[in-house]
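In this chain, numbering begins with 1 at the start of the sequence shown.
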Amino acid sequence: MILTSGNPAWPHTLHPIPQYPMLNRDLDCDCLIVGGGMSGAILTYELARRNIKTVTIEKRTVGGGSTSANTGLLQILNDKTLTSIIHTFGEETGVKFYKLCEQAMQKLNTAVKGLDPDPEFIPRPSLYYASYEEDVKLLREEYATLRKYGFNAEFWDQAKIEKHMPFSKPAALYTQGDAEVNPTRLIHALFQGAIGRGAQVYEHTEAIHFEYGKQGVTCDTRTNKIRADNVVFTTGYETQDMKKDKNAILKVSYAMMTNPVEDLSDWHEQCLIWETARPYLYFRTARDRRILAGGFDEEPPPPEKWEARSLHFSRYLLDEIRKLFPRYEGLKADYHWAGIFGSTHDGLPMIGTHPDYPYCYFVEAYGGNGTVYCMMAADMLGDVLTGQKRPEMEMFSLQRTSKPSPPKP
């Protein structure tokens, strides 16, 4: 599966990029993690923190897949509003899901402290604006729902938006508790921290075959064997090459990053910005005063057209930045890229077991809040693998219906 195309910005921000050895001996561990992207990094760190003997393998280079296309917006609010989640799954499940996202953000904020290299994790508020006048009612309803269940949100009318921003929109929600991060630096910081706690991480090491026994799993690589009590597949969107999930949706999304902007003072609190339209556009800043924009999700084009489509949409994204911030002159796209982006039909990630894979778990953190879902999954699996029950995992079952209906009162 082609995961990315173009020239993602993040790998250029870390010099040198850490390298990891290729497996050259047989191993025995408590947990084998297959996949060295964001979900693998967060889970490896969390399991190492809990003193679980962990081995992680990546068939390419660590952080070289979809993570390089990750745009690093970390948010509590989801692509699917809390109001909509409640309508789909019922109040108990909907509120619990959003509370888990809130807790995962708090856990990420704690996990990054003291990591090296610095992951450029910066707490930010978010501005979620109405793309059209008719979306104002949706935002008012969502504001009331968020406030009812204790989430930190403000409703901004058009006048307040114009007071704080150089653009005008019909309305917006202004929420707290979110953050921006540099995905490449975060992955390597987490793996370095995990290695310091005893985890073993190998790249250019591909899992070829799995044998499921009565007491665990044996993984054959091209050169060696790894015996594990449990295996967690953190293979991201390529999981769909391994097994098809009826709930999964794969598209291509586009992003670009500008040259540095001299003065960002009119960008209120350098908040994360996104909109009610679907598919939505989103905007954030980076530590070196660059602006990142993304969106224009579409069905995957033929591989030979990815690069041209990426360049095409980078121009549109530049235009969208200029519409919001007309004072920013001399903007150009220093980097532009395309990447596979996954979501689910019902709006929840997929985390858990599969009947065809004994002693195994899957982390499919599909959706705009993928990194937050990765932390959520790592926390739950960390408990499960140490003998603690996490009944919430049933919400994210890989076998759940893709067309849920809320429970009857």
Side-chain angles (χ1 to χ4, degrees), residues 4 6-18 37-38 41-42 45 62-64 66-76 105-127 164-166 175-193 255-274 281-295 314 317-318 320-322 324-325 327-337 339 368-372 374-375:
T4 64
N7 183 24
W10 305 118
H12 298 275
T13 66
L14 182 60
H15 304 285
I17 292 180
M38 185 63 75
I42 294 176
Y45 183 83
V62 163
S66 295
T67 299
S68 63
N70 185 320
T71 47
L73 286 78
L74 310 179
Q75 297 174 293
I76 296 169
M105 275 300 309
Q106 294 166 353
K107 291 179 183 295
L108 280 168
N109 194 18
T110 299
V112 299
K113 296 185 186 306
L115 290 180
D116 184 33
D118 176 8
E120 298 177 357
F121 181 101
I122 304 174
R124 299 286 190 202
S126 287
L127 181 81
H164 289 90
M165 291 295 202
T175 58
Q176 302 292 333
D178 298 336
E180 65 184 42
V181 75
N182 180 321
T184 291
R185 296 178 71 91
L186 176 61
I187 275 192
H188 290 289
L190 288 166
F191 275 130
Q192 294 301 311
M256 53 77 62
M257 188 179 285
T258 70
N259 55 311
V261 175
E262 186 173 343
D263 181 9
L264 291 167
S265 59
D266 59 347
W267 188 319
H268 184 65
E269 296 182 321
Q270 291 180 231
C271 59
L272 312 180
I273 301 173
W274 58 311
L281 301 178
Y282 53 89
F283 310 87
R284 55 158 288 194
T285 58
R287 176 168 285 186
D288 58 357
R289 304 189 321 281
R290 297 176 188 269
I291 298 172
L292 186 152
S314 73
L317 289 166
L318 269 177
E320 294 297 330
I321 297 172
R322 294 187 183 109
L324 295 177
F325 299 95
R327 191 173 62 82
Y328 298 166
E329 298 178 352
L331 284 180
K332 62 185 181 69
D334 277 359
Y335 306 96
H336 64 85
W337 63 94
N369 273 18
T371 302
V372 176
C374 291
M375 184 70 249

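For the pair Asp334 and Met257, the minimum side-chain heavy-atom distance is 4.5 Å or more. In this structure, Gln75 and Thr175 have side chains that are not in contact, with every pair of non-hydrogen atoms separated by 4.5 Å or more. At least one side-chain heavy atom of Pro18 sits under 4.5 Å from a side-chain heavy atom of Gln192.
Closest approach of Pro119 and Arg185 over heavy atoms only: CA-CB, 3.9 Å. Scanning both residues, Met105 and Gly177, for their nearest heavy atoms gives CE-O, 3.3 Å. Phe283 approaches Ala293 most closely through the heavy-atom pair CD2-CB, 3.6 Å. Across all non-hydrogen atoms, the minimal contact from Gly339 to Ala69 is CA-CB, 4.2 Å. Between Thr71 and Ala255, the shortest heavy-atom distance links the atoms CG2-CB, 3.8 Å. When every heavy atom of Ser68 is checked against every heavy atom of Thr4, the shortest pair comes out as OG-CG2, 3.8 Å.
The SG atom of Cys374 sits 9.0 Å away from atom CG of Leu108, with the distance rounded to the nearest 0.5 Å. Taking CD1 from Ile187 and OG1 from Thr371, the interatomic distance works out to 8.0 Å, rounded to the nearest 0.5 Å. Between Trp10 atom CH2 and Thr184 atom OG1 the span is 8.0 Å, to the nearest 0.5 Å. To the nearest 0.5 Å, the span separating CZ on Phe121 from CG on Leu115 amounts to 10.5 Å. Within the model, atoms CG of Leu281 and CH2 of Trp274 stand 12.5 Å from one another, a figure rounded to the nearest 0.5 Å. Taken to the nearest 0.5 Å, the CG atom of Leu127 stands 9.5 Å off from the CG atom of Leu324.
Between the side chain of Arg284 and the main chain of Ala179, no donor-acceptor pair closer than 3.5 Å is present. Looking only at distances, a side-chain donor or acceptor of Asp178 sits under 3.5 Å from a matching main-chain atom of Ile76. Under a 3.5 Å cut-off, the side chain of Asn369 and the backbone N or O of Val372 do not form any donor-acceptor pair. Remark: side-chain polar atoms of Thr67 are paired, donor with acceptor, to backbone N or O of Met38 under 3.5 angstrom.
With sequence neighbours left out, Thr285 forms a side-chain contact (heavy atoms from CB on, under 4.5 Å) with Arg124, Glu180, Leu264, Trp267, Gln270. The side-chain contact (heavy atoms from CB on, under 4.5 Å) test applied to Asn7 returns His12, Tyr335, not counting sequence neighbours. Residues meeting the side-chain contact (heavy atoms from CB on, under 4.5 Å) test with Leu331, sequence neighbours left out: Thr258, Asn259, Val261, Leu318, Ile321, Arg322, Tyr328.
Of the charged side-chain nitrogens involved, at least one lies within less than 4.0 Å of a carboxylate oxygen, so that Asp118 and Arg287 count as a salt-bridged pair.
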Set out, in order, the CA-CA distance, both residues' side-chain angles and the distance that settles side chain to side chain contact (heavy atoms under 4.5 Å, CB included) for Tyr45 and Val112, then state yes or no.
CA-CA 11 Å; Tyr45 183 83; Val112 299; over 6 Å; no
